[in-house]
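Notes for the one structure printed next.
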Amino acid sequence: MSAIDLAAISAAQTRLLAKIGKPIELLDRGTGKRVVVPPADAAHPEAYLPVFLISAETLWLELTGTGFALDVSRTPDSALGYAVRKVRAGSFTVVMLCLIDVTMRLAEMDDALVLNHLIDFWGEAHGRIADVAPTLQGAT
């Protein structure tokens, strides 16, 4: 199985973020201050794209029981200390539909797209998956 073009995902996510037209911000939970993040940085594989993709993958996992087989590695020099290297499963269309869903949910929450909320999405979906997993295991 070949990997999905990460540059194409990044470019499409950059266009989506720019089209929404809301500021993209990162909340410093210690100080309460928000830092503006440009769309190209938010969608960069070594910046915040890993968080978007993990949130999108969680949505797909919840819907189908499968993920995107993300290749995420520690990169100390990147914005979050991690970078996405490959998306090895799914299709460009599926990945983008999930990214659009997650991004639009994020846009509805606040006057800005606060990247910290992506962690909340993951946690909520992870909780729902954990609740369903014992039922699924009992059905096999």
Side-chain angles (χ1 to χ4, degrees):
M1 180 180 337
S2 62
I4 300 169
D5 184 356
L6 192 56
I9 293 171
S10 178
Q13 183 66 5
T14 299
R15 287 190 303 274
L16 174 62
L17 292 169
K19 184 173 177 88
I20 289 172
K22 287 186 172 186
I24 304 161
E25 299 176 345
L26 188 62
L27 174 65
D28 180 333
R29 295 194 182 193
T31 65
K33 293 182 180 180
R34 292 183 179 184
V35 177
V36 175
V37 177
D41 289 349
H44 194 280
E46 292 189 1
Y48 302 99
L49 186 60
V51 182
F52 275 104
L53 282 170
I54 289 168
S55 297
E57 180 183 48
T58 302
L59 172 65
W60 190 242
L61 180 62
E62 187 175 8
L63 293 171
T64 67
T66 61
F68 299 148
L70 297 175
D71 178 0
V72 178
S73 60
R74 289 187 64 69
T75 51
D77 294 336
S78 65
L80 297 175
Y82 292 90
V84 63
R85 300 292 181 211
K86 291 182 185 173
V87 180
R88 297 179 298 221
S91 68
F92 177 81
T93 302
V94 166
V95 170
M96 284 312 304
L97 286 172
C98 291
L99 279 171
I100 290 166
D101 186 278
V102 164
T103 304
M104 296 312 292
R105 286 185 199 190
L106 189 63
E108 293 171 355
M109 293 183 70
D110 208 329
D111 59 342
L113 283 86
V114 181
L115 298 175
N116 304 65
H117 294 317
L118 291 170
I119 296 165
D120 300 334
F121 291 165
W122 178 86
E124 292 165 6
H126 183 69
R128 289 190 299 271
I129 292 166
D131 290 344
V132 172
T135 304
L136 293 175
Q137 289 173 354
T140 58

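Along the sequence shown, residues are numbered consecutively beginning with 1.
- Here the CG-CG distance, from L49 to D41, works out to 11.5 Å after rounding to the nearest 0.5 Å.
- For the atom pair CD1 of I100 and NZ of K19, the computed distance is 11.0 Å after rounding to the nearest 0.5 Å.
- Just one residue in the list L17, L113, L26 forms a side chain to side chain contact (heavy atoms under 4.5 Å, CB included) with V37, and that residue is L26.
- Closest heavy-atom contact between F92 and A12: CZ-CB, 4.1 Å.
- In this structure, P45 and P50 approach most closely via the heavy-atom pair O-CG, 3.4 Å.
- Taken to the nearest 0.5 Å, the NZ atom of K22 stands 10.5 Å off from the CE atom of M109.
- The line from CG of D101 to CG of L97 is 9.0 Å long, rounded to the nearest 0.5 Å.
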Could you walk me through whether D71 and R88 pass the side-chain contact (heavy atoms from CB on, under 4.5 Å) test, one step at a time? CA-CA 7 Å; D71 178 0; R88 297 179 298 221; 3.7 Å; yes
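- Here the closest non-hydrogen pair linking V95 and I9 is CG1-CD1, 3.9 Å.
- F52 contributes atom CZ, which lies 5.0 Å from atom CG of L115 (distance to the nearest 0.5 angstrom).
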So T93 and S91, side chain to side chain donor-acceptor pair (under 3.5 Å) or not? Walk me through it. CA-CA 5 Å; T93 302; S91 68; 4.6 Å; no
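- Hydrophobic clustering (side-chain heavy atoms under 4.5 Å, transitive across Ile, Leu, Val, Met, Phe, Trp, Tyr) groups M96 together with I24.
- Under the 4.5 Å side-chain contact rule for hydrophobic residues, L63 and I54 share a cluster.
- No single ILVMFWY cluster, assembled from side-chain heavy atoms under 4.5 Å apart, contains both L27 and Y48.
- Expressed to the nearest 0.5 Å, how far OG1 of T75 lies from CZ of R85 amounts to 5.5 Å.
- Between G30 and D28, the closest heavy-atom pair is N-OD1, 2.9 Å.
- Checking side-chain atoms of E57 against main-chain N and O of F68 turns up a donor-acceptor pair under 3.5 Å.
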Under the criterion side-chain contact (heavy atoms from CB on, under 4.5 Å), I'd like the reasoning laid out for V87 against L70: C-alpha separation, chi angles, the key distance, then a yes or no. CA-CA 5 Å; V87 180; L70 297 175; 3.7 Å; yes
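- T14 approaches A43 most closely through the heavy-atom pair OG1-CB, 3.2 Å.
- Under the 3.5 Å distance criterion, the side-chain polar atoms of S10 are left unmatched by any main-chain donor or acceptor of L6.
- The shortest non-hydrogen separation linking W60 to G67 is CD1-O, 4.3 Å.
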